[in-house]
2 protein chains.
Amino acid sequence: MPRADARANRAALLASAAQRFAIDGADVALEKIARDAGVSIATLYRHFPHREALVAATYAREIEDLAEVPDDGSGSVALARWLLRFVEFARTKRALGDLLHAPGADHPPARGVLLDALDRILTRGRADGTLRDDRDPADVLALLAGLWTLPDDDTWPVRADRLAGFVLDGLTTTR
Amino acid sequence: MPRADARANRAALLASAAQRFAIDGADVALEKIARDAGVSIATLYRHFPHREALVAATYAREIEDLAEVPDDGSGSVALARWLLRFVEFARTKRALGDLLHAPGADHPPARGVLLDALDRILTRGRADGTLRDDRDPADVLALLAGLWTLPDDDTWPVRADRLAGFVLDGLTTTR
DNA sequence: TTCTAACCGTAGGAACCCTACGTTTCGAGG
DNA sequence: CCTCGAAACGTAGGGTTCCTACGGTTAGAA
């Protein structure tokens with residue numbers, strides 16, 4: 001159990017981070033987040049050793065939510081539902097793009113969590129014959145990276161749905 | 001006609017940039033490129049007011065190459081060939097990812113050039129019935145953004161081909 | 001050879017990242 | 001209620017990169 005002041009500072013940092021990431025994007029200065037939270041930059045680094053850790057912690061709950069895959073329904077239906085949720089996720093959490101799609105070879109934990117979820121869905125679809133068996137979770141995530149490149153205007157939802165639909169189409173066997 | 005020394009410096013900068021982008025990636029310090037070229041950082045900024053301009057100029061020739069689309073063959077065949085070239089493009093010019101897929105609403109010229117090429121291909125495929133008519137060039141480019149998120153190891157070519165194949169499959173009508 | 005517009009480098013401010021180090025404070029145990 | 005040490009804190013500063021202001025230098029036309 002950490003000290004009470006440490007816990008409070010951590011919470012304040014996460015709150016500021018969520019706000020700043022939403023307003024200024026993923027590249028906002030960490031010193032700005034620290035200032036908003038009323039703590040020094042050193043405290044931020046003590047709690048979150050690098051930017052990635054702060055981003056991951058900020059969205060930890062949402063990532064866990066997205067990692068849960070209901071057990072009912074066919075693989076293709078599960079995928080369709082998951083994609084809907086993922087699109088909403090991408091729309092509201094633009095700062096996570098860098099984290100999920102970093103070209104580096106070492107996956108951040110958040111990426112692994114989502115890959116696991118996709119793996120469960122693909123496995124189920126493979127078993128019940130509703131999904132093709134020649135794609136893996138990383139392929140799906142790579143295709144969805146495009147969600148973070150779409151222009152940030154009113155056309156976003158339409159384009160995003162079309163992109164997700166494209167992915168779903170390409171994965172389903174029924175056709 | 002600019003002065004001879006200005007032309008030489010510009011050429012030296014482009015040569016250094018090509019080398020540095022290939023070795024160190026898109027985020028290499030501009031001062032390093034300037035030093036390699038034997039000029040000062042101010043000279044670099046005078047020729048290329050921002051990083052984007054330098055990247056675009058460095059790969060201008062290759063982008064123009066990729067913008068040329070042969071007139072023969074069906075739309076789907078043209079698309080297949082173009083995708084092969086684009087994959088090779090992505091493999092050798094990783095620094096261009098940021099430029100082609102910047103989320104901002106204002107397209108850099110290089111992006112527009114490729115969108116035009118894709119548009120010609122899609123239009124042809126729509127005319128001859130080999131390509132679906134409900135996708136636009138920006139959709140295709142968004143799907144291909146995933147190429148820049150793949151891990152930089154030996155599995156790259158395989159994953160890249162699979163991704164491009166997925167895009168092609170999803171666009172062709174013959175099935 | 002002269003002269004000026006174009007080009008160049010030096011120098012430095014500003015923003016950000018990250019760490020070393022001395023100080024303060026919480027809260028468990030007496 | 002006090003003591004006291006571990007844990008947490010902030011200040012300060014070095015390093016890097018971006019970008020610009022300004023005065024010196026040079027190419028090349030007349």
Side-chain angles (χ1 to χ4, degrees), chain A residues 1-59 94-99 102-104 106 108, chain B residues 1-59 94-99 102-104 106 108:
Chain A
M1 186 70 159
R3 252 165 61 170
D5 54 347
R7 261 182 301 147
N9 282 341
R10 186 187 159 90
L13 282 167
L14 287 175
S16 304
Q19 200 171 350
R20 277 296 171 191
F21 285 143
I23 298 174
D24 299 337
D27 293 339
V28 62
L30 296 183
E31 311 203 331
K32 203 185 270 188
I33 293 175
R35 202 170 342 115
D36 282 3
V39 303
S40 76
I41 181 65
T43 296
L44 185 152
Y45 275 98
R46 206 168 297 115
H47 284 279
F48 309 100
H50 36 257
R51 176 181 299 268
E52 191 177 291
L54 178 57
V55 176
T58 301
Y59 297 116
R94 307 298 302 264
L96 264 168
D98 295 343
L99 190 56
D106 46 343
Chain B
M1 186 70 159
R3 254 166 61 169
D5 54 347
R7 260 183 302 147
N9 283 342
R10 186 188 159 90
L13 282 167
L14 286 176
S16 304
Q19 201 171 349
R20 277 297 172 191
F21 284 144
I23 297 174
D24 300 336
D27 293 338
V28 63
L30 296 183
E31 313 206 332
K32 203 184 270 187
I33 293 175
R35 202 171 340 116
D36 283 2
V39 303
S40 77
I41 180 65
T43 297
L44 186 152
Y45 274 99
R46 205 168 299 114
H47 284 280
F48 309 101
H50 37 255
R51 175 181 299 268
E52 191 177 291
L54 178 57
V55 176
T58 301
Y59 297 117
R94 307 297 301 265
L96 263 168
D98 294 344
L99 189 55
D106 46 343

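In what follows, chains carry the letters A, B, and so on, assigned in the order in which the sequence lines appear, proteins first and then strands, with residues in each chain numbered from 1.
With a 4.5 Å cut-off on side-chain heavy atoms, A/Asp98 and A/Val55 do not count as touching. In this structure the side chain of B/Arg10 reaches within 4.5 angstrom of the side chain of B/Phe48, judged on heavy atoms.
Along DNA chain C, the nucleotide nearest to A/Arg46 and the one nearest to A/Lys32 differ in position, and the one closer to the 5' end is contacted by A/Lys32. Nucleotides of DNA chain D nearest to B/Arg35 and A/Gly38 differ in position, and the one nearer the 5' end is that of A/Gly38. Closest-nucleotide positions on DNA chain C for B/Thr43 and B/Arg3 were compared, and the one nearer the 5' end corresponds to B/Arg3.
The CE atom of B/Met1 sits 9 Å away from the P atom of D/dG28 (whole-angstrom rounding). Summarising the geometry, the separation between CD1 on A/Ile41 and P on D/dA12 is reported as 16 Å, rounded to the nearest angstrom. Atom P of nucleotide C/dC16 and atom CZ of A/Arg20 are separated by 11 Å, given to the nearest angstrom. Rounded to an integer number of Å, the gap from CD1 of B/Ile33 to C1' of D/dC18 is 13 Å. Rounding to whole angstrom units, CD of residue B/Glu31 and P of C/dG9 are separated by 13 Å. Remark: C1' of D/dG15 and OH of A/Tyr45 are 13 Å apart, rounded to the nearest angstrom. Taking atom NE2 on B/His47 and atom P on D/dC19, their separation rounds to 17 Å, with Å as the unit. For the pair B/Leu44 CG and C/dC8 C1', the computed distance is 13 Å after rounding to whole Å.
In this structure a side-chain-to-backbone donor-acceptor pair under 3.5 Å is present from B/Arg51 to B/Val28. Side chain of A/Thr43 to main chain of A/Val39: no donor-acceptor pair is present (N/O by atom type, distance under 3.5 Å, no hydrogens or angles).
Across all strands, B/Ala29 comes closer than 4.0 Å only to sugar-phosphate atoms, never to a base (heavy-atom distances). Using a 4.0 Å heavy-atom cutoff across all strands shown, B/Ala6 reaches sugar-phosphate atoms only and no base atom.
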>> Working note: A/Leu96 + A/Thr58, criterion side chain to side chain contact (heavy atoms under 4.5 Å, CB included); need CA distance, chi angles, decisive distance, verdict.
In response: CA-CA 10 Å; A/Leu96 264 168; A/Thr58 301; over 6 Å; no
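Of the side-chain N and O atoms in A/Asn9, one or more sit less than 4.0 angstrom from OP1 or OP2 of D/dC9.
Considering only the side chain of B/Ala4, D/dA27 comes nearest among D/dC18, D/dA27, C/dC17.
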